[in-house]
*Asks:* 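Sharing a structure, written as structure tokens. Questions coming.
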Amino acid sequence: MTIMLLVLMLGLSIFMLVSRDLLFGIIALSAVSLLSALLFYLQQAPDVAITEAAVGAGVSTVVFIGIIRYTERKDRDP
Amino acid sequence: MKQKAINVLTIISLASVTLVLLPLFLENSPWPLSARNYLELHGVGDSGAINLVSAIYLGFRVFDTLGETIVLLTAVSGTIGVLTRAGAVLAEGYDTSGTPALTEQEKKVIMDDHTFTLAGEKRRSHALRTHLLEVVTGVLGPVVLLFGFYLMLYGHLSPGGGFQGGVVTASGIIFLALGNRIGAKNPLIRASVLDRIEAAAFLLLILASLSGILMGRGFFGNPLQDVTAIPAGYIILLNGIIGLKVGAGIGFLCIAMVGREIS
Amino acid sequence: MVFEDIVFAPILLPLLGAALVITAKAFLQGRPMKILEYIGAFVGLGLPWLSFALTLPAVTSGRVFQGVIGNWHASVGITYQFDGLAWLVNVLTYSVCSAAWLYSLGSGPRGPAFTSVFLILTASLSATIMTSDIFNLFVCLEVVGISSYILVASTDKPGASLASFTYLMISASAMVFFLLGVYGLYRVTGSLSYQGIAQGLKALPDGGGMTAVISLALIISSTVIRVAVMPFSGWLPDAHALAPHAVSAVLSGVLIKVPLFALSRILLIMPVGAQAGQLLGWAGALTALIGVILALSQADAKRLLAYHSVSQIGYVVCAWGIALYVGITTSKGAALMTAAFLHAFYHALFKGLLFLSVGTTVDRAGERNVYRLRGAAAILRSCGERIPVTLLTYLAGALAISAVPPFNGFISKNAISYALEGTPLYYLLFAAGIGTVASFIKLSRIYWPDRSRKEIPVPAVPVPLTSKISQGGLALLCLGGGILASRIHSLVMLLLSGTRAEYLIQWYSAGALLKTGAVIALGTGVYLLTTTGIIARVLKVIREQPGDFRGLYISFSIGTALLAGWMLLHL
Amino acid sequence: MIERILLLGMFLIGFWGIVSRKNLIKKIFGLNIINNSVVILFVLEGSRAGSSAPIMEQGISNIVDPVPQALMLTAIVIGVCISALALALAFRLYKATGTYNIQEIKRKVHNGF
């Protein structure tokens with residue numbers, strides 16, 4: 001289970017860095033946060049799980065989206 | 001040519017990071033148990049909190065937590081300041097940096113009359129926003145706020161605590177803001193109110209940490225030791241203060257971020 | 001109230017001050033807000049001096065205040081330590097920060113937001129030197145970091161934002177490496193306090209093996225990135241040159257030194273700390289020389305000063321590292337450590353002074369290019385400076401950094417070279433000293449009268465009184481540091497090593513003066529050389545080397561690998 | 001074992017992202033990734049010590065080590081604060097130069113002086 005989650009997170013991390021669309025990257029980032037919250041919950045760390053879900057998936061997503069909303073979504077570089 | 005040379009350097013640097021970190025990640029010795037064993041035996045007795053993570057977070061290592069809240073406070077005020085100077089995506093009334101671009105009179109008007117709103121005709125045409133969202137978030141907001149306060153105040157017993165509760169409270173505040181119609185004035189989503197709550201909570205936090213010194217129990221010593229029968233009293237107090245501060249701070253930050261462009 | 005708690009005053013009072021300022025900002029407006037802001041600043045920057053006065057007798061008698069914050073059990077609590085080193089570093093911090101805040105009142109970024117971040121920075125700097133818990137050190141460094149990123153970005157220039165972003169990225173990534181180091185050490189020893197880790201490592205059969213050494217290397221390199229020794233210094237010139245002047249003074253004066261002395265607490269008790277010190281000492285000496293060459297090539301006045309910070313921190317790191325290598329309890333080690341601190345302190349004073357006075361000048365002149373700006377003294381006069389305070393204080397700073405008696409730089413540089421006499425490092429530092437003189441002759445030319453221009457085109461903005469006061473105060477401290485050399489030197493030595501000075505340096509001996517004369521003569525020669533065509537062209541090439549964002553990371557990773565390899569070699 | 005290799009991989013990918021992606025936002029993604037991987041590593045390894053969550057209700061024993069969890073709470077929050085500030089700076093640079101590409105920003109800022 002742990003390994004599966006980690007593989008998924010690894011894949012999402014790569015996607016985050018290569019995707020042309022920053023919004024997709026942000027969604028991937030918050031998915032990674034949610035997955036790691038799940039992982040923490042499975043690893044007997046409920047406090048960290050709550051924090052990661054609230055802060056990583058919630059606040060940081062809002063902040064990221066708030067920033068790119070007024071700039072640009074596309075990464076123009078290869 | 002130059003591009004290639006730089007790529008070689010990138011590979012070298014990645015390789016050296018790998019070399020350095022590989023032994024660290026592969027370290028396989030058994031996990032040291034001294035701290036855990038101590039906490040398992042004495043943790044609850046020392047701090048009064050059943051949730052040992054809370055006990056560490058607000059008891060044994062509360063000074064770290066103070067540092068963390070300061071990082072948050074500084075980050076919020078710095079982010080707002082930087083954004084303001086950049087020409088602002090901020091919602092009106094969220095310009096609180098030290099160099100006011102508005103006159104005091106204008107500022108006062110904004111602080112008093114405007115609350116954050118995204119409703120109706122002011123939104124952009126392609127904004128992903130429906131009345132469903134408005135209604136649901138408006139109803140859900142108070143419930144989330146309540147859950148946040150629950151997390152704050154029961155942090156010493158169950159998972160959660162001041163910080164987590166604060167973040168949940170902040171999302172409750174954001175829900176209230178999203179569900180806000182034009183004209184509705186919920187004091188909790190006003191910039192000045194959030195700013196004041198955060199400032200007052202920070203002052204309270206510093207005073208709480210000082211109170212131990214004044215009572216002769218040392219820095220961050222428990223001043224309530226003889227006053228209250230609940231052993232975790234000080235932790236509950238700190239949880240509440242930190243929750244308020246974090247909730248107000250993060251709520252402020254998020255609302256400022258999703259606000260509309262002034263330009 | 002217990003007397004011991006007074007050692008927390010330098011942390012808590014600025015925080016209280018910051019809380020007052022933030023409250024004032026939130027609740028009040030106009031005049032009452034200003035008043036409360038000043039009260040907060042006084043509580044934060046003024047009152048701690050009282051605590052220094054009160055704790056001085058205790059620390060001079062060798063007393064070490066230590067314990068666990070909140071009186072918890074030591075295995076899980078945060079331990080702290082307030083000793084001579086912490087006292088000295090706090091005095092360093094507060095003297096520069098007070099002067100810089102005063103300066104900012106007149107010309108720097110103003111307002112409650114700035115003041116609160118500034119006070120938080122001050123508090124976190126004192127927490128950094130007092131803590132003896134590795135994770136707490138992480139938190140303290142993060143607070144220092146985040147407040148300094150904000151302060152750097154507190155001007156309107158986009159360049160400052162870029163500098164701040166670069167600084168943020170490199171040091172935040174370095175802090176992730178730091179966290180990995182914490183993980184490694186906790187994994188091996190199960191402890192977070194310095195003492196606990198050292199004991200845990202000693203108890204292990206192989207001293208913790210590779211994991212411990214690599215973790216230590218990660219912690220060292222990610223702390224050293226704040227100190228900006230050579231492979232790690234790429235972020236510094238931009239950040240220090242583009243920040244507001246008062247912030248530059250604090251960054252260059254204080255911020256790059258406190259982590260270094262906090263690191264010495266760790267290295268002194270860890271297994272291969274001494275060897276790491278040796279490597280850093282060498283890196284420091286090379287930094288001193290290369291930094292000064294880069295400084296000599298710069299055209300921007302503040303950037304020139306920023307490269308000088310790199311160079312001078314090289315002196316400090318060199319003496320500091322070798323002191324760790326030979327052991328701080330030996331007489332040579334004590335002398336070196338004293339010299340390192342003395343130079344750090346004096347550099348804080350004169351570099352702060354230089355940033356402030358040059359900042360005042362370039363603001364009035366509206367021109368920062370060293371090659372173009374001339375006649376700055378006349379410009380300052382036209383701005384209403386009857387007594388040329390800025391010019392005089394600049395001169396005090398420039399003479400101090402060039403090690404001319406009777407200013408304080410002369411004392412500290414001599415203390416370093418006295419202790420390093422006979423090693424190859426000595427010659428590297430000697431060469432760096434020549435370069436310093438040369439580059440300050442270059443910088444001083446901005447004050448030389450400009451015959452070709454009669455009228456001063458810039459609007460005359462008067463120099464604020466607060467700027468004059470803070471510059472004057474720092475200049476007096478520079479002079480005082482030189483005149484009271486023996487007394488200060490023996491006090492520092494007593495506080496750092498617990499020993500009275502075993503030898504007395506003849507500060508103003510004929511040999512030392514002769515050497516200074518030689519350095520000045522050679523420096524003038526070097527300066528004249530740099531004005532010749534071919535060398536000027538070489539310098540131009542150096543100046544226009546583009547700094548690369550990824551270069552920072554590449555040098556960081558390679559430097560870390562080298563440090564780890566070196567430490568593994570000596571395991 | 002495999003978990004830690006995967007985490008190392010995640011760390012390296014994040015580091016690669018910071019070093020060689022030109023887009024500022026992606027650099028901040030990279031910072032988040034390396035921070036995440038270290039946090040996961042610390043918590044994952046810390047939970048090997050026992051088998052139940054560190055909440056000492058009746059009859060609970062053999063808990064996992066709570067210290068790493070408390071430390072990582074702090075680290076997560078600090079990480080988010082840093083990336084919020086970094087984003088604000090990136091936004092400001094975008095407003096000043098009209099691009100997120102670090103090299104272009106550098107060039108424009110340099111020419112602006």
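Letters A, B, ... mirror the listed sequences (proteins, then strands); counts begin at 1. Worth knowing before you read on, the calculation uses all heavy atoms, side chains too, and leaves out hydrogens, waters and symmetry mates.
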*Asks:* Where does D:Ile13 contact chain A at under 4.5 Å (heavy atoms): side chain, backbone, both or neither?
*Replies:*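 Interface part for D:Ile13: both.
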*Asks:* Counting N and O atoms only, with roles assigned by atom type, does the side chain of D:Gln69 sit under 3.5 Å from a partner on the main chain of A:Gln44, one being a donor and the other an acceptor?
*Replies:* yes
*Asks:* Can you say whether D:Ile40 sits under 4.5 Å from chain A via the side chain, the backbone, both, or neither, judging by heavy atoms?
*Replies:* both
*Asks:* Would you mind telling me which of A:Ile50, A:Leu6, A:Leu12, A:Val59 has the largest number of heavy-atom pairs within less than 4.5 Å of chain D?
*Replies:*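 The residue among A:Ile50, A:Leu6, A:Leu12, A:Val59 with the greatest pair count is A:Leu6.
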*Asks:* I'd like to know which of A:Leu42, A:Ile68, A:Ile26 tops the heavy-atom pair count under 4.5 Å against chain D.
*Replies:* A:Ile26
*Asks:* Starting at CD1 of A:Ile67, measure out to CZ of D:Arg92 and round the result to the nearest 0.5 Å.
*Replies:*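 A:Ile67 CD1 to D:Arg92 CZ: 12.0 Å, rounded to 0.5 Å.
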*Asks:* Go through the atoms of A:Leu39 and report whether side chain, backbone, both or neither lie under 4.5 Å from a heavy atom of chain D.
*Replies:* side chain
*Asks:* Under the salt bridge (charged side-chain N to carboxylate O under 4.0 Å, His left out) rule, collect the residues that match up with D:Glu45, sequence neighbours excluded.
*Replies:*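 Applying salt bridge (charged side-chain N to carboxylate O under 4.0 Å, His left out) to D:Glu45 gives C:Arg187, D:Arg4, D:Arg48.
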*Asks:* Tell me whether the rings of A:Phe24 and A:Phe15 are parallel (<30°), tilted (30 to 60°) or perpendicular (>60°).
*Replies:* parallel
*Asks:* D:Leu87 versus D:Phe91: any side-chain heavy-atom pair under 4.5 Å?
*Replies:*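 D:Leu87 vs D:Phe91: side chains apart.
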*Asks:* Working to the nearest 0.5 angstrom, can you tell me the gap between D:Leu93 CG and D:Ile105 CD1?
*Replies:*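 One finds 5.0 Å between CG of D:Leu93 and CD1 of D:Ile105.
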*Asks:* With a 4.5 Å cut-off on side-chain heavy atoms, are D:Leu41 and D:Phe11 touching?
*Replies:* no
*Asks:* Please rank D:Gly79, D:Ser47, D:Gly14, D:Ser37 by heavy-atom pairs under 4.5 Å with chain A and give me the top one.
*Replies:*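 The option with the most such pairs is D:Ser47.
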*Asks:* Could you tell me which portion of A:Leu29 (side chain, backbone, both or neither) has an atom closer than 4.5 angstrom to a non-hydrogen atom of chain D?
*Replies:*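 When you check distances to chain D, only side chain atoms of A:Leu29 fall under 4.5 Å.
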*Asks:* Where does D:Ile63 contact chain A at under 4.5 Å (heavy atoms): side chain, backbone, both or neither?
*Replies:*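 For D:Ile63, neither part sits under 4.5 Å from chain A.
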*Asks:* If you tally heavy-atom pairs under 4.5 Å against chain D, which of A:Asp47, A:Val18, A:Leu5, A:Val32 wins?
*Replies:*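 Most heavy-atom pairs under 4.5 Å with chain D: A:Val18.
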